[in-house]
Amino acid sequence: MLSFLKSVSFFLLILLALSYPTAYLIEARFNTPNKQNWILKKAGEQYDYAVLGASRVFNMVDINTLDSVMNKKGINIGSSGSCYAENYIILEEFLSKNKISALLLNTDEFSFNSANSYSYPFHDYEFLPVFRKHKEVFFDFIPSWKYYLWLSVPCTKYIEYNDQYVLSTLSNRKLNKTKGTELLYGKRSDKNLLLNKRRVPEINRLDAKYFKKIADLCANKNIALILITTPIFKYDREEHKLFLEYIDSFSQQNNLKYYSFETLIDASKPDYFQDNTHTNNLGSVEYSKRLGQKLKEEGLSR
């Protein structure tokens, strides 16, 4: 029995010793085929503004249109199905290697209730190489046993998600061309609805926490934060009352500009939408054009 325990202990020590150099080698060449990877690989660039949020930014804010209208240089750093915690990591990592003067941050009921809005609101596997740097975020979203295992045996996170990453350099010419936007080209159909039932109004604690951390990060970096809400088909203000009261209060308390889509685009026009919560290419370009005109009139600042 003693011999067996010694053998097991020796094996575990070898595993632990190999874990750190293995993790280091993977981190040096870590890539995923997703939008997050494209953002995290950006370095040494300077922009007038960036736009951040989930798919309602990624698919709905057309940077080429905004740039053309405002005569500015921007980038879309939104990612599908992402909560504010993921947005926070993306922004902090992006700002560690690039510069922006202003941030347009999407705010809506879905972002403040991400656990019920998105199937996988924090894509932990996209950020494995920066796990230690963002331990607080991971601690909030993954089981405690997994958190401490990754902390003590770092290669285990790469073993678990070995099907989510590659060790070769990836390029995405399409995103480079569109500056991070991916327009949708479908037409609205009753068979293609994402908002087909009334959601329970809620401001999730973690979503509010990381929303505020994004605001604080912008303040600390002297970046002008501008809040927006992208279009929703046939918007019912009463249904979103809790969110509207929250965001109005937050923007007033922090002296932030807030632009809802309601005064910018006709959100009752079916031809503008792919589904109830996403505009198609026609709607996205029209919304971006009107948003750009509004920002140009009032100045891209606080």
Side-chain angles (χ1 to χ4, degrees), residues 5-45 52-55 58 75-98 114-115 118-176 180 182 206-207 209-210 213-214 217:
L5 291 175
K6 286 182 178 180
S7 297
V8 171
S9 299
F10 183 67
F11 172 77
L12 291 176
L13 286 173
I14 292 176
L15 178 63
L16 186 61
L18 292 175
S19 177
Y20 286 87
T22 300
Y24 176 81
L25 291 173
I26 294 175
E27 286 169 8
R29 302 193 64 184
F30 182 91
N31 287 279
T32 75
N34 303 315
K35 170 74 180 292
Q36 293 91 333
N37 188 75
W38 178 82
I39 300 167
L40 297 177
K41 296 300 180 182
K42 291 287 183 184
E45 299 189 16
L52 180 62
S55 62
F58 181 25
I75 184 171
N76 187 323
I77 56 173
S79 54
S80 293
S82 58
C83 66
Y84 281 133
E86 179 167 325
N87 296 162
Y88 172 72
I89 290 181
I90 284 176
L91 181 62
E92 186 165 42
E93 289 300 309
F94 183 78
L95 292 178
S96 70
K97 295 176 285 187
N98 305 276
S114 65
Y118 312 134
S119 60
Y120 203 134
F122 176 58
H123 299 87
D124 43 7
Y125 53 84
E126 295 287 345
F127 309 103
L128 298 181
V130 293
F131 163 69
R132 285 184 174 274
K133 182 177 178 181
H134 298 283
K135 290 186 296 183
E136 176 187 357
V137 182
F138 281 87
F139 187 80
D140 281 338
F141 284 89
I142 67 175
S144 297
W145 67 266
K146 184 183 291 188
Y147 171 85
Y148 289 110
L149 177 64
W150 289 6
L151 200 61
S152 56
V153 189
C155 73
T156 54
K157 59 182 179 287
Y158 296 112
I159 295 173
E160 178 178 358
Y161 290 111
N162 66 83
D163 61 335
Q164 296 290 343
Y165 64 89
V166 297
L167 300 181
S168 56
T169 302
L170 300 173
S171 63
N172 196 318
R173 295 179 181 178
K174 183 178 179 181
L175 287 176
N176 288 334
E182 185 175 287
L206 285 178
D207 292 325
K209 171 184 175 179
Y210 286 100
K213 286 180 76 69
I214 291 172
L217 178 59

- Query: What residues, two or more places apart in sequence or in another chain, satisfy salt bridge (Lys or Arg N to Asp or Glu O under 4.0 Å) together with E160?
  - Reply: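 With neighbours one apart ignored, the set is K146.
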
Mutual orientation of the aromatic rings belonging to [X] and [Y] [parallel < 30°, tilted 30-60°, perpendicular > 60°]:
{"X": "F122", "Y": "F138", "result": "perpendicular"}
{"X": "H123", "Y": "Y125", "result": "perpendicular"}
{"X": "F139", "Y": "Y148", "result": "perpendicular"}

- Message: Check this for me: does any side-chain nitrogen of one of K213 and E136 sit under 4.0 Å from a carboxylate oxygen of the other?
- Response: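 Between E136 and K213 there is a salt bridge, with a charged N closer than 4.0 Å to a carboxylate O.
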
- Item | Within 6.0 angstrom of Y120 OH, more than 12 heavy atoms from elsewhere |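 Yes, the 6.0 Å shell around OH holds more than 12 heavy atoms from other groups.
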
- Query: For atom CZ of R132, is the number of surrounding heavy atoms from other residues, nucleotides or ligands below 6.0 Å larger than 12?
  - Reply: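 Yes - once you tally the heavy atoms of other residues, nucleotides and ligands closer than 6.0 Å, there are more than 12.
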
Give me the atom names and distance for the closest heavy-atom approach of [X] to [Y].
{"X": "N87", "Y": "S79", "result": "ND2-OG, 4.5 Å"}
{"X": "E126", "Y": "F30", "result": "O-CE2, 3.9 Å"}
{"X": "A115", "Y": "P121", "result": "CA-CG, 4.3 Å"}
{"X": "D124", "Y": "I142", "result": "OD2-CG2, 3.6 Å"}
{"X": "S152", "Y": "Y20", "result": "O-OH, 3.1 Å"}
{"X": "W38", "Y": "N176", "result": "NE1-OD1, 2.8 Å"}

- Report the C-alpha distance between K35 and S82 in whole Å, list the side-chain angles of each, state the deciding distance to 0.1 Å, and finish with yes or no for side chain to side chain contact (heavy atoms under 4.5 Å, CB included). CA-CA 11 Å; K35 170 74 180 292; S82 58; over 6 Å; no

Value rounded to 0.5 Å, distance of [atom1] in [X] from [atom2] in [Y]:
{"X": "L167", "Y": "L25", "atom1": "CG", "atom2": "CG", "value": "9.5 Å"}
{"X": "L128", "Y": "I26", "atom1": "CG", "atom2": "CD1", "value": "9.5 Å"}
{"X": "L95", "Y": "I77", "atom1": "CG", "atom2": "CD1", "value": "7.0 Å"}
{"X": "C155", "Y": "N162", "atom1": "SG", "atom2": "CG", "value": "11.5 Å"}
{"X": "L40", "Y": "K97", "atom1": "CG", "atom2": "NZ", "value": "6.0 Å"}

Close side-chain approach of [X] to [Y], heavy-atom, < 4.5 Å:
{"X": "F94", "Y": "L52", "result": "no"}
{"X": "I90", "Y": "Q36", "result": "yes"}
{"X": "E92", "Y": "V130", "result": "no"}

- Message: For P154, is there any backbone N or O sitting under 3.5 Å from a side-chain donor or acceptor partner on K157?
- Response: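 Here the side-chain-to-backbone pair exists.
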
- Could you give me the CA-CA distance, side-chain angles and deciding distance for L175 and F58, then say whether side chain to side chain contact (heavy atoms under 4.5 Å, CB included) is met? CA-CA 10 Å; L175 287 176; F58 181 25; 4.0 Å; yes

- Would N31 and K41 satisfy side chain to side chain contact (heavy atoms under 4.5 Å, CB included), going step by step from the backbone distance to the final call? CA-CA 9 Å; N31 287 279; K41 296 300 180 182; 3.0 Å; yes

- If we ignore angles and hydrogens, is there a donor and acceptor under 3.5 Å between the side chains of E93 and H134?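 Yes.
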
- Item | Under 3.5 Å side-chain donor-acceptor pair for N37 and Y165 |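 N37 vs Y165: no donor-acceptor pair found between side chains.
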
- Message: Show, in sequence, the C-alpha distance, side-chain angles and deciding distance for E86 and Y210, and conclude whether the side chain to side chain donor-acceptor pair (under 3.5 Å) test is met.
- Response: CA-CA 9 Å; E86 179 167 325; Y210 286 100; over 6 Å; no

- Task: Walk me through it: do Y84 and L206 pass the test side chain to side chain contact (heavy atoms under 4.5 Å, CB included)?
- Result: CA-CA 8 Å; Y84 281 133; L206 285 178; over 6 Å; no

- Query: Residues in ring pair (Phe, Tyr, Trp, His ring centres under 6.0 Å) with W150, at least two apart?
  - Reply: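 If we apply the ring pair (Phe, Tyr, Trp, His ring centres under 6.0 Å) test to W150, skipping adjacent residues, the hits are F131.
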
